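Structure, as structure tokens:
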Protein chains: 4
Amino acid sequence: MAKTKEERRKEIIETAGKLFEEKGYEQTQVQDIVNEIGVAKGLFYYYFKSKDEVMEELADRYADAIIDAVNELIDKDISTFDKINRIFQIFIDSAEKKSGIFMGILNVKNGITHERIFFNVGEKMVPLVTELILSGNDNGECNCSDPKFITEFLVSGLFNIMNQISPDEKIDYLKEKLPTIKTMILKLYNFAEQKESK
Amino acid sequence: MAKTKEERRKEIIETAGKLFEEKGYEQTQVQDIVNEIGVAKGLFYYYFKSKDEVMEELADRYADAIIDAVNELIDKDISTFDKINRIFQIFIDSAEKKSGIFMGILNVKNGITHERIFFNVGEKMVPLVTELILSGNDNGECNCSDPKFITEFLVSGLFNIMNQISPDEKIDYLKEKLPTIKTMILKLYNFAEQKESK
Amino acid sequence: MAKTKEERRKEIIETAGKLFEEKGYEQTQVQDIVNEIGVAKGLFYYYFKSKDEVMEELADRYADAIIDAVNELIDKDISTFDKINRIFQIFIDSAEKKSGIFMGILNVKNGITHERIFFNVGEKMVPLVTELILSGNDNGECNCSDPKFITEFLVSGLFNIMNQISPDEKIDYLKEKLPTIKTMILKLYNFAEQKESK
Amino acid sequence: MAKTKEERRKEIIETAGKLFEEKGYEQTQVQDIVNEIGVAKGLFYYYFKSKDEVMEELADRYADAIIDAVNELIDKDISTFDKINRIFQIFIDSAEKKSGIFMGILNVKNGITHERIFFNVGEKMVPLVTELILSGNDNGECNCSDPKFITEFLVSGLFNIMNQISPDEKIDYLKEKLPTIKTMILKLYNFAEQKESK
DNA sequence: GATGAATGAGACTTCATTCAT
DNA sequence: CATGAATGAAGTCTCATTCAT
């Protein structure tokens with residue numbers, strides 16, 4: 001047995017994430033997590049100081065994955081409108097990934113997981129998008145008087161939609177809604193009417 | 001002392017609501033609630049079967065208060081745009097009331113309370129607004145191809161905004177954002193450009 | 001309303017007895033008893049010092065009813081065998097009465113009720129029957145070397161049988177078994193082979 | 001410390017059994033059990049899901065021990081009368097074992113323990129003995145028209161006797177009564193008059 | 001790296017009993 | 001006689017965390 005340290009850490013985080021989504025944070029016991037993996041409880045505490053620390057890292061990892069992708073995009077030489085669209089696309093795509101998180105059925109009991117992840121993602125994503133819109137305002141691509149508020153709105157709206165549909169329908173549902181979302185972006189940030197480049 | 005049954009019920013619900021907001025559902029013990037009121041723990045269970053039942057009733061009461069106000073509005077002889085605006089106004093106003101609920105600082109620990117209330121409110125409010133827009137579509141006041149999705153977006157967006165600011169700033173913040181919200185409504189439901197009647 | 005003191009006492013005792021049988025002593029709350037009657041909980045404590053006191057009185061009443069009937073019989077001018085038979089007949093008959101007690105389905109949870117009543121009845125009945133057999137030994141009607149042990153055996157055996165069949169079948173079952181019981185009495189106390197006088 | 005799982009389980013079951021007998025099931029708290037052993041309360045729930053589960057296992061173990069011994073006996077090549085005698089002997093012997101169960105003073109409060117154990121034992125023992133008598137009827141060793149009823153009678157009678165005497169006197173008392181019990185068996189099942197082989 | 005028995009504080013809940021009206 | 005809101009001690013059960021092996 002004896003996996004490498006990093007493998008085990010990842011295994012624990014991902015298993016925890018899966019269970020938090022399925023049953024909620026409070027309803028998932030450390031025992032459930034180690035049972036799922038097939039190791040002893042003590043091992044959990046060899047890798048993490050507490051159950052809470054796993055949650056924290058979980059939310060961070062998820063947020064970081066999104067932010068990394070967004071950062072990579074931001075310096076590209078494409079229109080602001082395209083950037084914004086792609087950012088939300090990345091956000092949505094993350095729901096398709098096998099990350100374990102985001103894959104849970106809406107469960108009123110797992111509120112804490114959702115809020116925590118949302119908080120982490122939102123906190124990092126909103127400033128990036130806001131900055132982007134502000135520069136778009138400057139060069140005339142768009143005209144939005146309160147980009148921070150609008151962005152918070154869009155992010156939280158999307159997030160909640162994603163948490164209210166079952167994982168099976170999620171991908172198809174979001175694909176179906178994509179044009180509507182693009183129209184919303186167009187209107188709310190006041191982009192000049194335009195065609196999206198591939 | 002022996003208050004009437006209805007007074008005590010209300011007192012317990014409101015005290016519970018206040019504490020749930022302040023500390024979160026899981027972190028609020030039944031003992032905290034009865035301490036705050038100054039009665040014995042048994043009394044709590046004389047009125048409610050469980051801690052969960054209080055939460056349920058709390059969420060229902062809050063949702064019902066909003067829905068009642070919305071229903072009253074819906075038959076009035078004013079434009080659809082005005083109705084929609086006022087509905088969101090009611091939604092926002094409810095956050096100002098001293099109801100005890102909704103008054104909490106954003107606390108990542110009280111996710112369950114927020115999700116539960118949001119779920120109850122959203123579930124009832126979205127269909128009402130959707131219906132309104134559909135009839136607005138029919139008589140040419142607006143032109144929205146997916147009113148249900150847009151409404152879910154607006155409701156969840158607003159809800160999250162309200163949960164992310166401290167109660168002290170909340171009222172002023174929302175008042176400040178009101179024009180922006182109205183503009184969003186105007187654009188997202190595609191209302192014909194118009195003046196709102198006072 | 002306002003029944004007489006004695007009526008209310010009886011009502012409470014009988015209702016309690018019924019519920020103890022149905023659900024067991026520990027599982028029956030004072031609240032259940034007063035709910036069934038339709039009065040307030042305080043009234044229960046106006047008539048009885050405690051829940052235990054009701055149980056005590058219940059067991060006593062039941063035992064006394066049997067003992068009274070047995071005592072009446074004991075001085076009659078009939079054979080000892082007939083007396084013994086009739087005593088067990090009385091014991092069995094009491095199970096048919098609408099007394100509320102003894103009418104419960106076997107419920108592993110109501111052990112306390114059964115044991116308590118059995119204890120009270122047995123304690124009073126065994127010495128009477130034992131005495132009877134001893135005098136029967138003296139005048140040659142029977143010949144039993146350990147009447148106390150045999151009687152305890154018969155009483156506890158009957159009692160358990162009665163607690164193991166459902167109330168609906170009870171009467172018919174016991175009627176069916178009556179000849180077997182008589183044969184047991186005949187053999188165990190070593191009565192001279194004889195015909196029972198009607 | 002850290003005993004093996006099976007040792008601890010057994011320790012808990014036996015300690016619980018001892019206390020149930022001494023004070024009754026309802027009157028024995030989980031706290032009492034763990035105090036007696038000198039461990040933390042959580043450990044109890046590490047091994048058992050509930051207090052009730054211990055009781056269930058207790059009754060099962062006791063019943064199984066008897067049934068195992070009886071089964072071993074049943075195929076031996078001895079007379080039916082001897083088998084029946086030895087079965088009741090096993091039943092009685094089990095009361096002498098230091099198993100912890102069955103060793104309690106008669107306590108009207110421990111009715112549930114007694115009823116439960118009796119129920120489990122009786123349920124398994126009665127059919128075995130009944131079958132034995134039926135085959136004894138076939139080969140002419142005995143002649144009993146209702147072996148099931150008689151057996152229920154004997155088992156419940158013995159059981160009650162055992163619960164009504166203090167543990168100190170129990171062994172001597174039962175030894176003293178053994179001839180009487182054998183005579184009862186002889187008569188009730190209508191065995192042909194005979195000598196028991198040693 | 002890994003185990004899992006053991007801990008123990010503290011949560012929720014129950015209910016017999018009281019007492020002011 | 002009757003009410004029923006209020007009490008509070010006591011019980012069962014949970015679970016994150018520790019630590020000796």
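Just so it is clear: chains get the letters A, B, ... in the order the sequence lines come, proteins before strands, and each one is counted from 1. Because the structure is predicted, anything quoted here is derived from the model rather than measured.
- In this entry dC19(F) has dG4(E) as its Watson-Crick or G-U wobble partner, both defining distances falling under 3.5 Å.
- As a whole-Å value, the separation of Phe44(C) CZ from dC1(F) C1' is 16 Å.
- For the pair Glu53(C) CD and dA16(E) P, the computed distance is 15 Å after rounding to whole Å.
- With contacts defined as side-chain heavy-atom distances shorter than 4.5 Å, the pair Phe44(D)/Ile37(D) does not qualify.
- Among the nucleotides dA2(F), dA16(E), dA16(F), the one closest to the side chain of Tyr45(A) is dA16(F).
- Of the two residues contacting DNA chain F, namely Val30(A) and Val30(D), the nearest-nucleotide position lying further toward the 5' end is that of Val30(D).
- At the heavy-atom level, Phe48(B) lies nowhere under 4.0 Å from the strands shown.
- A 3.5 Å limit on both hydrogen-bonding distances identifies dA10(F) as the Watson-Crick or G-U partner of dT13(E).
- At the heavy-atom level, Lys51(D) lies under 4.0 Å from the strands shown only through sugar-phosphate atoms.
- Taking only side-chain atoms of Tyr46(C), from C-beta outward, the nucleotide of dC12(E), dC1(F), dC15(F) with the closest atom is dC1(F).
- Ile12(A) has its side chain out of reach of Arg9(A): every pair of non-hydrogen atoms, C-beta onward, lies at least 4.5 Å apart.
- Within the 4.5 Å cutoff, no side-chain heavy atoms of Glu11(C) are placed close to those of Val39(C).
- Regarding Ile37(C), its CD1 atom lies at a distance of 15 Å from the P atom of dC1(F), rounded to whole Å.
- Considering only the side chain of Leu43(B), dA6(F) comes nearest among dA11(E), dA6(F), dT17(E).
- For the pair Met55(D) CE and dT12(F) P, the interatomic distance rounds to 12 Å; values are reported in whole Å.
- When the nearest nucleotides of DNA chain F are assigned to Gly38(B) and Ala40(C) by heavy-atom distance, the more 5′-ward of the two goes with Ala40(C).
- Contact annotation for Lys5(A): backbone-only contact, meaning every heavy-atom pair under 4.0 Å involves sugar-phosphate atoms and none involves a base.
- dC15(E) atom P lies 16 Å from atom CG of Asp52(C), rounded to whole Å.
- Checking each of Glu36(A), Gln29(A), Glu14(A) against Leu19(A) for a side chain to side chain contact (heavy atoms under 4.5 Å, CB included) leaves exactly one that passes, namely Glu36(A).
- Look at CG on Asp32(A): it is 12 Å from P on dT14(F), rounded to the nearest Å.
- A donor-acceptor contact under 3.5 Å is formed by the side chain of Lys41(B) with the base of dT13(E).
- A 4.5 Å side-chain heavy-atom check between Tyr47(A) and Ile13(A) finds every atom pair outside the cut-off.
- Computed from coordinates, the Arg9(B) CZ to dA6(F) C1' distance equals 16 Å when rounded to whole Å.
- Ranked by how close their nearest DNA chain E nucleotide is to the 5' end, Val39(A) and Gln29(C) are led by Val39(A).
- In this structure, Tyr47(C) reaches the dA2(F) phosphate: one of its side-chain N or O atoms is under 4.0 Å from OP1 or OP2.
- Atoms CD (Gln31(A)) and P (dT7(E)) sit 17 Å apart, rounded to a whole Å.
- Scanning all heavy atoms of the two residues, the minimum distance from Ala16(D) to Ile33(D) falls at CB-CD1, 3.9 Å.
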